[in-house]
Amino acid sequence: MLGLDPSAATLADPIATSLAVASWATVIALPPAIALGWLLARREFFGKALVSALLFAPMVLPPVVTGLLLLRLLGRHGPLGPALAQLGLSIPFSFAAAVVAATVVGLPLLVMSVRAAFAAVDPRYDALAATLGDGAWARFRRVVLPLSWPGIVGGAVLMFARALGEFGATIMLAGDSDDARTIAIAIYALFDDPRQQPEVARLAGASVLLSLVALVAYERFVRWQRRRLEWDDGA
Amino acid sequence: MSAPAIALQLQLFDGRRRVELDAPQGRVVVVGPSGAGKSTLLRAIAGIEPRARGRIAIDGQPWLDSDAGVCVPAPARAVGYVPQDARLFPHVRVRDNLLWAGRAEPGACGRVAAALGIEHLLDRMPRHLSGGERQRVALGRALLSRARLLALDEPFAALDRPLRRAVLAVVLDHLARERTALVLVTHDERELDGLDALVHAM
């Protein structure tokens, strides 16, 4: 129903396409965001400032510029173009392009949430688990990850909402292709056609509704996190 | 007192203070005013005080020897550490806190929980526990980790007098049964009858 299969997204309802793009982008972004969030929260390394600048750039750059850079990078004549072509992949102007654009633009939000969630875990829990015999990986798996999980899920919801509304980078990298016609792209393509006004209104309404649902879900996750991590109050 | 003692020796300094202990019978009660560095000492023994300098040896084996560059990491020391705030893992039930180290013998969890009077709390989440209940769960978790050394930071602070006696009896029983050294920090060394320990004032 979410149209997670890209081929099924051909000529699909833009609402389904948007949900599919945002879902794929969030799922793809989660593993690197957890790794990057952990590195930024818990480790000092050479080039940390540069890594975070590059990572967070899509949050402050105009999305159109991000899209343009991605197009130059992934296009047929870009640095990654020949390698992608050898793999039989052509990213621009496809469903994958919309996913790549939403991933790159949404990733900083997710990494920021993950970093904050990891940083909020009291290091004394980590130390305690160490005295009980847990090595670094066991502590990450048994202590750090479960205690920051609500923050990670909250970040994923925020990223999903941001990916749902992505326009600038998507129009540059994916254009208005049939299988990448998201809500935002469809509205842009149809808004000055008098016959399409009911469709434009439907898509705009769906967009408002989905954003609200995502933000309410985010609020709930934040509250859940506070409740789960509350501990010192009662001690 | 069947099990042979685990000897504990340490010389620690942190720039301001120097602590020297030689406890061949492996039982030490550390007393002193707050701010004297008692909790820091326990963290150094547990291996979670990165600034610790000096020497710690248990059973003749070095855990820390700054001059020789030896520092056995905390997971390999596996000290039965009870922090002063009796911190429990907030995301798992009392039972899973007790069994966290995964080294308890079958049936030991129920026996220890009954002895500490916390068997009715096993399925609760830590945030629903009182301070005294948390303290007993934290102690039970340390006992069930089958550590070679118990490092207890004010383990009776949140307990009233009868409970304090009962919990001390559980610790004494554990020491009689298992081959375990003990370092207990307290600001009040009274009511430690039966604990035949070296008293070290800081």
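Throughout, a chain's letter reflects where its sequence line sits, starting with A, and its residues are numbered from 1.
- By the 6.0 Å contact criterion, CE on A/Met172 is enclosed, its count of non-hydrogen atoms from other residues, nucleotides or ligands being greater than 12.
- Ranked by heavy-atom pairs under 4.5 Å with chain A, the list B/Ala151, B/Ala78, B/Pro75 is led by B/Pro75.
- Residue B/Asp196 qualifies as open at atom CG: its count of foreign heavy atoms under 6.0 Å is 12 or below.
- Note: A/Thr131 OG1 to B/Ile45 CD1 = 13.0 Å, rounded to the nearest 0.5 Å.
- Listed here is the closest heavy atom pair of A/Tyr125 and B/Pro90: CE2-CD, 3.5 Å.
- Contact of B/Arg103 with chain A is made through the side chain alone, with heavy-atom distances under 4.5 Å.
- By the 6.0 Å contact criterion, CZ on A/Phe46 is open, its count of non-hydrogen atoms from other residues, nucleotides or ligands being 12 or less.
- When all heavy atoms are compared, the tightest approach of A/Ala129 to B/Trp100 is CB-NE1, 4.2 Å.
- Between chain B and the residues A/Leu128, A/Val143, A/Asp134, the most heavy-atom pairs under 4.5 angstrom are made by A/Leu128.
- Few gaps surround CZ on B/Arg111; more than 12 heavy atoms of other groups in view lie less than 6.0 Å from it.
- Of the atoms belonging to A/Ala136, not a single heavy atom falls under 4.5 Å from chain B.
- Of the atoms belonging to A/Arg142, heavy atoms from both backbone and side chain fall under 4.5 Å from chain B.
- More than 12 heavy atoms of other residues, nucleotides or ligands sit less than 6.0 Å from atom CZ of A/Arg202.
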